[in-house]
Amino acid sequence: MAVDYQKLGFVNTKEMFAKAFAGGYAVPAYNFNNMEQLQAIINGCGKSNSPVILQISSGARKYADQTLLRYLAEGAVAMARKSGYQNQIALHLDHGDSLELCISCIESGFSSVMIDGSHLTYEENVALTTKVVEYAHRFEVSVEGELGVLAGIEDDVVAAKSIYTDPDQVEDFVRRTGVDSLAISIGTSHGAYKFKPSQCSRNEQGVLVPPPLRFDILTEIEQRIPGFAIVLHGSSSVLPEYVETINRHGGKLEAAVGIPAEQLRQAAKSAVCKINIDSDGRLVMTAMIRKVFAEQPQEFDPRKYLGPARDELTKMIIEKNESVLGSAGRE
Ligand code: G3H
Ligand code: 13P
Ligand code: ZN
């Protein structure tokens, strides 16, 4: 028997995406692995009055336990409502890799799941995704599928090269599987090293500038499946200020490059209704923790370094919602 996600205060992504599509913005999907990240997401989205998708990856489940994270998310909704934040909140499985995992998340109260069959053959991806959709829709749980492969690490799977989504496949995939949204590959990738320096040019300040995303492919996909919600993974900007803070305080992140905010703004105005951000949150937390350790070496109370990290992450989330995704103030 599945736990009714509505009773936990979650919504599926149907209405969220319809509004994002009509309003020309994208709903943020932030990953969390612990309490401080979750508090920052809820506080940041509350302060900017944005709908939000709370994402739990396979790495998060291994680190913190799926059940614990689900209960934390339920608690976060209660906290949000108490503070007057009434906007929509979905609980989503990020990069689900099997029907069994999707079932277990649906049974425990997730309102949305991703089945990532992007590493399978096309027909295997269709077959697996269809099975997940058949199960999930019985409980009005939304399903995100993926076509095309992002370079980098997708949970435990490493792909050296991205394989852009083939616009010729999208209509058939969406029709046959019945998915509610589709993650596509147009040049983004996971992690803090999205492009090799050799792929980038340098601006006047010597900062690496990555090649643009393949908006031509996105446009073609939009034409093949008009009105359909598209998802962009790997959308952290790898904010230079935090990379610099990390390196200034003993870190060693060399040639880290992300997706420029301007390109995300452009994507958010298109059929892209969900933008996934994880690495930027990790960088913010690492930067603040390293700063506290360097400046206040006498501190040993985790609240004294996790607290500032949480506050800075809250600020970053407000900034993303307000000036990149455009989701702030959308009811
Ligand atoms: O898909 C990538 C996400 O950033 C999650 O990564 O499995 O290390 O938590 P993770
Ligand atoms: P980033 O690594 O760019 O934050 O992407 C996160 C993501 O796509 C989670 O599914
Ligand atoms: Zn992803």
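Remember, it's a predicted structure, so these values are computed and weren't measured experimentally. Each ligand, and each atom within it, is numbered from 1 in the order the structure gives.
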Original post:
What do you reckon, does Ser57 have a nitrogen or oxygen under 3.5 Å from a nitrogen or oxygen of ligand 1?
Top reply: yes

**OP:** Compute the centroid of each ring, for Phe293 and then for Tyr305, and state whether the two points are separated by less than 6.0 Å.
**Re:** yes

Subject >> Sole residue of Ser111, Ser142, Ser181 in side chain to side chain donor-acceptor pair (under 3.5 Å) with Thr13 >> reply: Ser142

Ignoring angles and geometry beyond distance, decide whether [X] reaches within less than 3.5 Å of ligand 2 through its nitrogen or oxygen atoms.
X: Asp280; answer: no
X: His95; answer: yes
X: Gly191; answer: yes

Subject >> Identity of the nearest option to atom 1 (O) of ligand 1, non-hydrogen atoms only, from Arg282, His95, Arg61, Lys62 >> reply: His95

Original post:
Heavy atoms only: which of Asp278, Asp94, Asp116 is nearest to atom 9 (C) of ligand 2?
Top reply: Asp94

Original post:
Does ligand 2 have a heavy atom under 4.0 Å from the side chain of Ile259, from its backbone, from both, or from neither?
Top reply: neither

**OP:** If you have a sec, read the angle at the Zn ion (ligand 3) from His95 atom NE2 over to His233 atom ND1, to 10 degrees.
**Re:** 90°

**OP:** Show which atoms of ligand 2 fall inside a sub-4.0 Å distance from at least one heavy-atom site of Lys194.
**Re:** 1 (P), 2 (O), 3 (O)

Subject >> Donor on one side chain, acceptor on other, His95 and Glu144, under 3.5 Å >> reply: no

**OP:** Using a 4.5 Å cut-off on heavy atoms from C-beta on, say whether the side chain of Leu313 contacts that of Gln37.
**Re:** yes

Original post:
Which atoms of ligand 1 have any heavy atom of Asp278 under 4.0 Å away?
Top reply: 3 (C), 4 (O), 5 (C), 6 (O)

